[in-house]
Colleague: 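Here it is: the structure, laid out below.
Convention: sequence-line order gives letters A, B, ...; per-chain numbering from 1. Nothing here was measured: the structure is a model prediction, and the numbers come from that model.
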Amino acid sequence: MSFQPPKGTDDVLAPESESWRAALRQWESWAERYGYPLVLIPVIESTDLFERGVGNTTEVVTKQMYTFTDQGGRSVTLRPEGTAGVVRAFLNSGHQGPWKAAYSGPFFRYERPQAGRRRQFFQVGVEYMDVESPEADAEVIELGFRYLTDIGVPELELTINSLGDSECRPVFVDELRSYLRAKESELTDSSAELIDKNPLRVLDSKADGPKLVDHPRMIDHLCDSCTEHHETVKRLLAELEVPYVEDDGLVRGLDYYTRTAFEYVGRALDAAQNAVGGGGRYDGLAEAIGGRRAPGVGFALGVDRIMLSVGQEIDTPLDAYLVSETGPADALIAASSLRRDGLRVDFDTEGRSVKAQFRTASRAGAPVVLVWRGDGQPVDIQTRDGRAERPLEEVSSWFRTAR
RNA sequence: GUGGCCGUAGCUCAGCCUGGUAGAGCACCUGGUUGUGGUCCAGGAUGUCGCGGGUUCAAGUCCCGUCGGUCACCCCA
């Protein structure tokens, strides 16, 4: 009998999982520096929340949700993204005024898995609610950029666009729609279907996008206030020394975005899925899910893809491996003492030979081996450079001074 | 939903083209050596060759089906 994890889900074990730990620690550090406290929200939400928030025409909602009816007859869905849930939590809290939150955890989309695309994937992100200024956009974009740079995503590129607002976007969408209708025969079937439902996404198509070189551009149709917002965001990024590339084909897959939209792309990633993160402003989302008007901006980063692009592995960190010449019971007691002193120590519980214990110590990458020779005997401290002996209770102070 | 590639020891894989009694490396265990251990030497255990059917005197190897994995399209983090 054997089980495999469900399709598109993975076990992440050491040493790879140690890189995840490091990446998540760095994430917490950056989120704290920018003033984003942790928010914990459910992994399941009402199906309605995503249908109304993310949008009924999106691929995510129409074919990728894990939806089921619970035993009370309610339709619930494993979250396919984070923003809708965080905005719901913000509205439920009743908070007035600017509000920041950082989140991380697993998300679920039913798709055919491939490199960088799993059915259960891990995202970290932030949302900044009840803010309208371009400074908020710039801060959010910068945070993601600093983190991804710090963690070492190679050939990181930030792309940015403006999608307009409820005033200017409908005008543009009409114009784009008639442009696409004229070209309909040249388009793939899936693009043709989108002309009525969501023509913006045709521009994002890999097959058709390049053919539409003379398409109408949102950038040319922005109303005055959207233009000013967009120009200011770009100016602020320049002042922050965050390099960006303007991309008027960038529309993103979720319906709630308005004005600023952006993506972080790892150009060195050889997998086809090279967007390591993305986000934007969503001034209409809170109202779309039945709340008051509360504009906001945020992003999500795919940790699976980040790990794919940085690819380094970190060994399990250990200060010392304890080798016992008198069996595991003694070692357990001695290790406990050292651990309570703050040292990272491991040892063999299975009573294996001293030779096997030494072998394990070296394979675990322990910089120091402590040889336990029995109660009352000093501990033999062995390093690459030499050896020393200390009573057990002085071993931790030896670490503080000698190293 | 569509297509390419791959399923052989705990892990990574060779063997398949040109059918003839299952292999390597790593990992694991024991002994020796080293005598601060990671090196080196000797030995040891392990396989329904994914599953089902067909061809054949004979199938890990050829054919068909099926399941699983993987990569790509589509789309997205």
Colleague: Rounded off to whole Å, could you give me the CD-to-C1' distance for the A:Glu59 and B:rA77 pair?
Modeller: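 After rounding, the gap between these two atoms is 15 Å.
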
Colleague: Could you identify the nucleotide paired to B:rU66, looking across every strand shown and requiring Watson-Crick or G-U wobble geometry with both distances under 3.5 Å?
Modeller: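 Pair assignment: B:rU66 / B:rG50.
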
Colleague: Using a 4.0 Å heavy-atom cut-off, write out nucleotides 39-46 of chain B from 5' to 3' as B (base contacted by protein), S (sugar-phosphate only) or - (no contact).
Modeller: --------

Colleague: Should B:rC17 form a Watson-Crick or G-U wobble pair with both distances under 3.5 Å, which nucleotide is its partner?
Modeller: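 None - no nucleotide pairs with B:rC17, as no candidate has both distances under 3.5 Å.
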
Colleague: Please report, rounded to the nearest Å, how far the P atom of B:rG37 is from the CG atom of A:Leu318.
Modeller: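 The distance from CG of A:Leu318 to P of B:rG37 comes to 20 Å, rounded to the nearest Å.
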
Colleague: State the pairing partner of B:rU39; accept Watson-Crick or G-U wobble contacts with both distances under 3.5 Å, and report none otherwise.
Modeller: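 Base-paired to nothing in any strand shown.
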
Colleague: Tell me what A:Val369 touches on the nucleic acid: a base, only sugar-phosphate, or nothing, going by heavy atoms under 4.0 Å.
Modeller: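 Base contact.
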
Colleague: Between A:Arg217 and A:Asp220, is the closest basic N to carboxylate O distance under 4.0 Å?
Modeller: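 Salt bridge between A:Asp220 and A:Arg217, a charged N being under 4.0 Å from a carboxylate O: no.
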
Colleague: I'd like to check A:Met129 versus A:Pro295 (side-chain heavy atoms, cut-off strictly below 4.5 Å). Are they in contact?
Modeller: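 A side-chain contact is absent here, since even the closest heavy-atom pair is not under 4.5 Å.
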
Colleague: Under 4.0 Å between a side-chain N/O of A:Gln114 and OP1 or OP2 of B:rA72, yes or no?
Modeller: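 Checking B:rA72 against A:Gln114, a side-chain N or O does come within under 4.0 Å of OP1 or OP2.
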
Colleague: Angle between ring planes, A:Phe90 versus A:His95, binned at 30° and 60°: parallel, tilted or perpendicular?
Modeller: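 Because their plane-to-plane angle lies in the 30° to 60° range, the rings of A:Phe90 and A:His95 count as tilted.
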
Colleague: Quick one: closest heavy-atom pair of A:Ala300 and A:Gln123, and the distance?
Modeller: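 Taking A:Ala300 first and A:Gln123 second, the nearest heavy atoms are CB-NE2, 3.4 Å.
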
Colleague: Not counting sequence neighbours, list each pair that qualifies as a salt bridge (Lys or Arg N to Asp or Glu O under 4.0 Å) and has a residue in residues 363-389 of chain A.
Modeller: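 For residues 363-389 of chain A: A:Glu325-A:Arg373, A:Arg373-A:Asp380, A:Asp380-A:Arg387.
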
Colleague: Calculate the interatomic distance between A:Gln4 atom CD and B:rU70 atom C1'; express it in whole Å.
Modeller: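 About 12 Å, once rounded to whole Å.
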
Colleague: At less than 4.0 Å, is any side-chain N or O atom of A:Lys7 found next to OP1 or OP2 of B:rG69? Yes or no.
Modeller: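 For B:rG69, OP1 or OP2 has a side-chain N or O of A:Lys7 closer than 4.0 Å.
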
Colleague: State plainly whether the residues A:Arg88 and A:Glu45 are in salt-bridge range, i.e. N to O under 4.0 Å.
Modeller: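 The answer is yes: the pair qualifies as a salt bridge.
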
Colleague: Find which nucleotide of RNA chain B each of A:Ala300 and A:Arg117 is nearest to by heavy atoms, and output the residue with the more 5' nucleotide.
Modeller: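 With A:Ala300 and A:Arg117 compared, the 5'-side residue is A:Arg117.
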
Colleague: Starting at atom CZ of A:Phe358, determine the distance to atom P of B:rG37, rounded to an integer number of angstrom.
Modeller: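 Going from A:Phe358 (CZ) to B:rG37 (P), I get 7 Å.
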
Colleague: Report the distance from atom CG of A:Asp304 to atom P of B:rU70, rounded to the nearest whole Å.
Modeller: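 The answer, rounded to whole Å, is 13 Å.
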
Colleague: What is the pairing partner of B:rC26, taking Watson-Crick or G-U wobble pairs with both distances under 3.5 Å in any strand?
Modeller: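 Across any shown strand, B:rC26 pairs with B:rG10.
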
Colleague: Looking across every strand, which nucleic acid part, if any, lies under 4.0 Å from A:Glu111 by heavy atom: base, sugar-phosphate, or nothing?
Modeller: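 It contacts base atoms.
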
Colleague: Does the side chain of A:Tyr36 pick up a donor-acceptor pair with the side chain of A:Glu28 at under 3.5 Å?
Modeller: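 Distance-only check fails for A:Tyr36 and A:Glu28.
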
Colleague: Would you mind classifying the nucleic acid contact of A:Gly125 as base, sugar-phosphate or nothing, using non-hydrogen atoms under 4.0 angstrom?
Modeller: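 Nothing: the residue A:Gly125, judged by heavy atoms under 4.0 Å, touches no strand.
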
Colleague: A:Glu325 has an atom CD; how far is it from atom P of B:rG37, in whole Å?
Modeller: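 Computing the A:Glu325:CD to B:rG37:P distance gives 12 Å.
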
Colleague: Quick one: on RNA chain B, does A:Tyr110 or A:Tyr264 contact a more 5' nucleotide (nearest heavy atom)?
Modeller: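 Its nearest nucleotide being more 5', the pick is A:Tyr110.
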
Colleague: Taking any strand in view, what nucleotide pairs with B:rC73 in a Watson-Crick or G-U wobble way, both distances under 3.5 Å?
Modeller: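 The answer is B:rG1, by the H-bond criterion.
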
Colleague: So which nucleotide from B:rU30, B:rA72, B:rC76 ends up closest to the side chain of A:Arg109?
Modeller: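 The closest nucleotide is B:rC76.
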
Colleague: Rounding to an integer number of Å, can you tell me how far A:Glu127 CD sits from B:rA77 C1'?
Modeller: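 Value for this atom pair: 13 Å.
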
Colleague: CD of A:Gln273 versus C1' of B:rC73: gap in Å, rounded?
Modeller: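 Taking atom C1' of B:rC73 as the reference, CD of A:Gln273 is at 10 Å.
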
Colleague: Indicate the atoms forming the closest heavy-atom contact of A:Ile381 with A:Arg390, along with that distance.
Modeller: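 Closest approach of A:Ile381 to A:Arg390, heavy atoms only: CD1-CG, 3.8 Å.
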
Colleague: If stacking means aromatic ring centre less than 5.5 angstrom from the base's six-membered ring centre, planes under 30°, is A:Phe107 stacked on B:rA77?
Modeller: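 Stack criterion not met.
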
Colleague: With both distances under 3.5 angstrom, what nucleotide forms a Watson-Crick or G-U wobble pair with B:rA45?
Modeller: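 Across any shown strand, B:rA45 pairs with none.
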
